[in-house]
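Notes to accompany the following structure.
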Amino acid sequence: MKPWKNMLLSLTVSVGLFASSVPALAAAPVASSPDTSIQVNGKAIDYSYGEAVVKKGTTLVPVRLTVEALGGKLQDVKNGTVRIVVNGDTVTLKEKAQLIGGVSFIPVRSLAEVAGYDVRWDRQTNTVLLVSKATGEAARGFLWEVKNGPTTVYLVGSMHIADDSFYPLRDEFEKAFAEADYLGVEIDVSKAADEAQQKMVLEMGSYTDGTTLKDHISAQTYKELGELLKANGLKADAFDQFKPWVVETTIGSLQTSEAGYEAESGIDLYFIQQAVKNKIPVLELETYESQLGMFNGLSDELQERNLKAAIEGFDTVVDSTDEMAEMWKSGDEKALLEMTTSIAADPEYYKALLVDRNVGMADKIDGYLKSGKAEEYFIVVGAAHYLGNDGVLKLLEDKGYTVSRK
């Protein structure tokens, strides 16, 4: 089974909940991948010297040859500072170049994004895909339509963390949203920084009975966590005040943030910002308290299993998130269903994370469809909530509605 368990949070839970309330950690290196190749708009770069190098999880490429393959020109490299010419403009890269075998190398993402390319990852072939923003197709994503009389509901499968490569969204999303009377989301993540929400996270996620994390997990798991924290410049007991579910979700977000995936770029927050701008009412299908309560209600045994999985999968988080991002952009239902059902092997987690919440979401959407009014609802929730026998789409079909993919 692929290691989707922890990364599924980006498709199921508004992960921005924790970012402003839990102490941040420095991102850690990722295990390197062998034989990494680079493609520009589907054509492999044929490096005559200095093949791509993966160092601590970052793909480094020869500066001059890569710039030229992207249609630019290297102006100079001085003391590690790289200047390139793109569309007639001279641009100084933020990242410093590294000398490897006498050749200047630079992180491929830093170079590509300045040159106007999206960076994607094909895990199966260890290939970095550079796609011109001028020629690349808009992301397919996940969008469904349900109608009942004069009422229309659009259902969007969100990825709660994203980067600039997800945008712009294809016209079908924007046109449907432009006609929306209401935006529905799991929770309004734009309120995540509110003092009341931060206080709720800390109150639910911290021990108040005099015990610490060490008292609630095995000595082996605690040791492995301490080693991970120390390897990243922190004290082994840095998270002792927090419960396992808080530690799990926090360390699980570190690598994705370093790779450029942020809640600030998530699909749900994108539409929330548009709704605020256009004065469209925002409906919440869940609450902060219910999402936090879901985590807090997990058994001690499950919390430790999830924490241990996060520790063991720490070095593969970026690759898994890249693959998940490609799944979203390509709108691959088969891959989404595989990810969704992968956690069914853990009945308690599956029930809490998806089954119970899907029922609540489907019931609220059913209520919107039964309004009898000529209104449009634009619903954005984690993509993993939609598919499968326990998914929102099946629950709506069981209520007699016809769901069509857009």
Side-chain angles (χ1 to χ4, degrees), residues 2 4-5 7-15 139-148 151-162 166 169-170 172-173 176-177 180 182-187 189 266-272 283-286 290-291 294 321 323-346 349-369 376-406:
K2 293 183 179 180
W4 299 124
K5 187 173 185 180
M7 292 316 304
L8 268 170
L9 294 180
S10 66
L11 297 178
T12 58
V13 177
S14 299
V15 290
R140 177 85 169 92
F142 297 97
L143 176 65
W144 295 272
E145 181 186 68
V146 188
K147 288 180 174 290
N148 185 41
T151 309
T152 301
V153 172
Y154 285 100
L155 302 171
V156 177
S158 175
M159 189 159 168
H160 296 306
I161 55 173
F166 283 64
L169 300 176
R170 59 188 175 96
E172 286 83 352
F173 285 91
F177 181 73
Y182 300 94
L183 169 66
V185 293
E186 291 175 30
I187 56 175
V189 293
I267 306 301
D268 43 346
L269 186 54
Y270 169 80
F271 284 113
I272 288 172
L283 308 174
E284 294 182 302
L285 278 69
E286 299 183 309
S290 69
Q291 285 205 354
M294 181 270 294
T321 309
E323 190 168 349
M324 193 172 291
E326 286 310 305
M327 174 275 300
W328 193 93
K329 294 173 191 175
S330 63
D332 188 341
E333 284 197 15
K334 181 179 179 181
L336 175 59
L337 182 60
E338 178 189 349
M339 294 179 187
T340 302
T341 57
S342 66
I343 63 169
D346 194 328
Y349 197 43
Y350 183 63
K351 184 175 186 297
L353 191 67
L354 293 177
V355 177
D356 292 344
R357 295 172 62 209
N358 290 352
V359 171
M361 291 180 186
D363 286 346
K364 284 206 170 183
I365 294 169
D366 179 38
Y368 302 150
L369 286 163
E376 181 182 302
Y377 293 79
F378 193 86
I379 308 298
V380 185
V381 301
H385 288 287
Y386 287 109
L387 301 184
N389 291 331
D390 300 303
V392 169
L393 301 187
K394 179 64 163 56
L395 294 174
L396 291 175
E397 289 171 346
D398 288 345
K399 294 177 183 291
Y401 298 109
T402 298
V403 181
S404 57
R405 179 85 184 267
K406 304 299 288 185

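Count residues from 1 along the sequence. All values reported here derive from a predicted model rather than from experimental measurement.
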(request) Would you name the heavy atoms of F166 and A139 that are closest together and state the gap between them? (result) O-CB, 4.2 Å
(message) Distance check, rounded to the nearest 0.5 Å: Y349 atom OH versus M294 atom CE?
(response) 6.5 Å
(request) Using a 4.5 Å cut-off on heavy atoms from C-beta on, say whether the side chain of K364 contacts that of E286. (result) no
(message) Applying the ring-ring contact (aromatic ring centres under 6.0 Å, His included) criterion to F378, which one of F271, Y182, F173, Y270 satisfies it?
(response) F271
(message) Show me the pairs that pass salt bridge (charged side-chain N to carboxylate O under 4.0 Å, His left out) and involve residues 151-162, at least two apart or across chains.
(response) none
(request) Output all residues satisfying ring-ring contact (aromatic ring centres under 6.0 Å, His included) with Y386, sequence neighbours left out; order by chain, then residue number. (result) W144
(message) Any non-hydrogen side-chain atom of I187 less than 4.5 Å from a side-chain atom of Q291?
(response) yes
(request) Compare every heavy atom of H385 with every heavy atom of L354, then report the nearest pair and how far apart it is. (result) CD2-ND1, 3.7 Å
(request) Give the minimum heavy-atom separation between E333 and L387, together with the two atoms involved. (result) O-CD1, 3.5 Å
(request) Only counting residues at least two apart or in another chain, list the ones meeting ring-ring contact (aromatic ring centres under 6.0 Å, His included) with Y350. (result) none
(message) Quick check: do I365 and L285 have side-chain heavy atoms less than 4.5 Å from each other?
(response) yes
(request) Of all the heavy-atom pairs spanning M339 and E323, show the shortest one and how long it is. (result) CE-O, 4.5 Å
(message) Looking at K394 and E397, is any side-chain nitrogen of the basic one under 4.0 Å from a carboxylate oxygen of the acidic one?
(response) no
(request) Compare every heavy atom of S158 with every heavy atom of V380, then report the nearest pair and how far apart it is. (result) CG1-CB, 3.6 Å
(request) Using the ring-ring contact (aromatic ring centres under 6.0 Å, His included) rule, pick out the option among Y368, Y154, F177 that qualifies with Y377. (result) Y368
(request) Supply the atom-to-atom distance K147 NZ to T402 OG1, rounded to the nearest 0.5 angstrom. (result) 12.0 Å
(request) Determine, for R357 against D390, whether the closest basic-nitrogen to carboxylate-oxygen distance falls under 4.0 angstrom. (result) no
(message) I'd like to know if the side chain of K406 reaches the main chain of L155, judged simply by a donor and an acceptor atom lying under 3.5 Å from each other, with no hydrogens or angles considered.
(response) no
(request) Please report the closest heavy-atom contact between V185 and I272, naming both atoms and the distance. (result) CG1-CG1, 4.0 Å
(message) Please report the interatomic distance CG(D363) to CG(N358), rounded to the nearest 0.5 Å.
(response) 11.0 Å
(request) Please check if atom CG in D398 has more than 12 non-hydrogen atoms from other residues, nucleotides or ligands closer than 6.0 Å. (result) yes
